[in-house]
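First the structure, in the form of structure tokens, and then the observations on it.
Computation of the quantities below employed the complete heavy-atom set of this structure, encompassing side-chain atoms and omitting hydrogens, waters and symmetry-equivalent molecules. Fair warning: this is a prediction, and the values are worked out from it, not measured in the lab.
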Amino acid sequence: MRLSLYDFMASSTVPSNRYQITLADALWFLQHSFPEQTAELMRVADYQCRWLAK
């Protein structure tokens, strides 16, 4: 059984505000849950960084 992102963050040592899940938290969780999707997750992160830079 996979943990939900909220359960994972609550039990994790990842430095994060446990009441607010950031995009970085979600991408980290997804990359560790689905390592075969790393390339696609990198595209999501790249898009978000470019969008924020506008």
Taken in chain and number order and not counting sequence neighbours, the residues that satisfy side-chain hydrogen bond (donor to acceptor under 3.5 Å, both in side chains) with Q48 are none
Members sharing W51's hydrophobic cluster, built from side-chain contacts under 4.5 Å between Ile, Leu, Val, Met, Phe, Trp and Tyr, are Y47, L52
Rounded to the nearest 0.5 Å, what's the gap from CG on L30 to OG1 on T38? Could you check? 10.0 Å
Is there a continuous path of hydrophobic side-chain contacts, each under 4.5 Å between heavy atoms, that joins F29 to V44? yes
Do L41 and F34 belong together in a cluster built from hydrophobic side chains that touch within less than 4.5 Å? yes
Residue list, side-chain hydrogen bond (donor to acceptor under 3.5 Å, both in side chains) with E40, at least two apart or on another chain: R43
